[in-house]
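Quick notes on the structure that follows.
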Amino acid sequence: MRSRLAAARAFGATCVVLFLCQCYPAGAQETSPASFGTSVVIPSGLRGLIYYIRPGSWSLPDFSHLQPVGVIYTTKLNVPPQNWSFGFPGVTDRFEWFSIDYRGRFWVSLPGNYDFALTSDDGSKLYIDETMVINNDLQHPAQTEFRRIRLNCGIHNIRVSYFQGPRNMLALVLSVSGGGKQRRIFSTEEFKPPENPDDWVCHGVPVPFDPGRRVMPNVPTQRSSQALEDEAMGYLNANPRPQEIAVRSSAFHFWHSATASQTSVTIGVPGTALAVTHVAGPKPVDKVHALVFGIIKAGDGSVLEKFAIDAPYQFTGNDYASARMHNLAFSHPVHLPVGRFTVDVVVIDREGKRAGAVQLAAESPAPRHGIDLSSLVPVDRVEAIEGPADIADPLIFHGKRVVPRMIPEVSGDGTASVYFVVYPDSANSAKPTVRVQFLRGGRLVTEKSAELPPPDATGAIQMFLTLGAVVGEEEVKVVALQGDSTATDSLHYNVRGR
């Protein structure tokens, strides 16, 4: 069996002068009570990822080739035909050439035929349980497509993909009839499952779990998730907290909206820290199993978000011997409002029956005007993604994943690098450039500048920077410039001997 953990390989980026590498490619009064959504999280609603698309686009994009520039939430899609130039408050001021990919789940208590109607200007598509139900794509004025489908009782997946082409008219309305009711705007508030999972029944029969449809968990799975949370909270509430496993965590900030920043909370565990179980047989297997649980709290102690990552690995041959020499790194993307936060994380070693807990202090910086710059992310490796990718994770790009180095120490063999993203100001006609400074003991050692390549369709420029190989304490500072606008970030690191 192939390992779920990609083999660690050196990332051979071709660098240009200044040790800068481009990551990819390798080659009228417009008011309405309606809106596309809010930046406030609605757990039971639709989650929409916002994308910039190329001007002149005539159809929905391939979202797997784009990175989102914002996240919004809503319980219904009710934007009737209108002039519109609002942008997305708290996210972006873009009001043309954008796309939104909404996803969510809904509960059907009364099985039967349901008639869906999707109105849009420009294109849109409706998917139910991963199957396209309505195709209303391409540039066009507001038009409506209908489709009747039969829905069984239980949980269903829903996805609505939409794009707006040239200004200024737009529309996006999803309505439904059925379930004994007349046509109305589809709302996840109406189609919510019972609060008690024990009540998830249809005519007295428990709703079955269908893993092929990626439905919400059934009752046993729900209880298992609660048991995991209870176990994790036991470790986090312990005094002292367990330290049997060395756990490291960091928060890397990427694009900023008016009220928040897209952040990747990254948790790292040395490959040698987890126990391995050897299973003998015709094809021997080495098993490693990590469970990660995190809780993000605002400055007032309120819980912003909880997350869990279940990561079992199976290795054959010499795969484990190679993999254990590197960090296991897990990332969780989150849209953090401006402010200070704490992230409490526990990693549970299922094979070794041990645990390690750590607390991270994180700050989401205030928004800035003009050119913007992400955190500098020290790179352990870049690996191909196995399975579906979380396109909201800013450490993922073009089918690859940046695995951060969780300790500020790098090799002196000249292969160490950092990853960062520059976000030019689209309203500024000046060409963006970057200035890189290497410092030692606070004193400037080297400084070089270069123009940046054009941004991708999302407005971002992804870059790698090769670090120096002089042994000792170093600092690298990156300054992104565009006209009079600047953005700066720096990273302290230690270069060890070969």
Side-chain angles (χ1 to χ4, degrees), residues 1-15 21-27 64-68 247-252 254 262-274 276 285-292 307 309-333 347 374-411 413-421 456 460 462-467 491 493:
M1 179 182 297
R2 289 180 60 85
S3 165
R4 286 181 55 205
L5 181 65
R9 297 184 177 94
F11 182 67
T14 303
C15 297
C21 310
Q22 185 179 0
C23 170
Y24 188 87
S64 66
H65 293 165
L66 301 178
Q67 288 196 16
V247 180
R248 303 179 181 93
S249 61
S250 295
F252 301 108
F254 288 82
Q262 182 70 354
T263 301
S264 180
V265 176
T266 303
I267 302 96
V269 180
T272 55
L274 299 177
V276 58
V285 172
D286 292 315
K287 297 170 59 179
V288 176
H289 192 172
L291 278 167
V292 180
F307 63 92
I309 303 170
D310 187 8
Y313 301 103
Q314 293 191 6
F315 302 91
T316 58
N318 295 322
D319 286 351
Y320 176 65
S322 174
R324 73 192 301 269
M325 303 307 296
H326 297 268
N327 288 329
L328 294 179
F330 312 95
S331 59
H332 175 71
V347 177
S374 74
S375 299
L376 302 187
V377 182
V379 178
D380 182 77
R381 62 189 183 275
V382 175
E383 61 187 21
I385 298 172
E386 297 184 5
D390 185 348
I391 57 177
D393 190 341
L395 291 175
I396 291 176
F397 65 99
H398 304 294
K400 292 183 171 60
R401 175 175 178 251
V402 173
V403 180
R405 177 174 290 275
M406 301 303 294
I407 57 175
E409 184 176 79
V410 301
S411 170
D413 59 5
T415 63
S417 63
V418 295
Y419 171 71
F420 62 93
V421 183
D456 62 17
Q462 295 134 342
M463 305 290 293
F464 282 97
L465 166 66
T466 302
L467 299 177
L491 174 71
Y493 60 97

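Side-chain atoms are counted along with the backbone in the values below, which use heavy atoms only and exclude waters and symmetry mates.
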Value rounded to 0.5 Å, distance of [atom1] in [X] from [atom2] in [Y]:
X    : Y    : atom1 : atom2 : result
K287 : Y313 : NZ    : OH    : 15.0 Å
K400 : R381 : NZ    : CZ    : 14.5 Å
L491 : L465 : CG    : CG    : 9.5 Å
T266 : R248 : OG1   : CZ    : 13.5 Å

Tell me, do [X] and [Y] make a side-chain contact under 4.5 Å, heavy atoms counted?
X    : Y    : result
Y493 : V418 : no
M406 : P270 : no
F330 : V347 : no

- [ ] Could you tell me which non-hydrogen atom of L395 sits nearest to which non-hydrogen atom of P404, and how far apart they are?
- [x] CD1-CG, 3.8 Å

Open item on the list: My understanding is that only residues two or more places apart in sequence, or in another chain, count here; which of them pass side chain to side chain contact (heavy atoms under 4.5 Å, CB included) with S374?
Closed with: F254, F420, V421, Y423

Task: For R401, all residues meeting side chain to side chain contact (heavy atoms under 4.5 Å, CB included), sequence neighbours excluded - done: A329, S331, E383, I385, I396, V403

Task: With H332 via ring pair (Phe, Tyr, Trp, His ring centres under 6.0 Å) - residues at least two apart - done: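 So H332 forms a ring pair (Phe, Tyr, Trp, His ring centres under 6.0 Å) with F307.
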
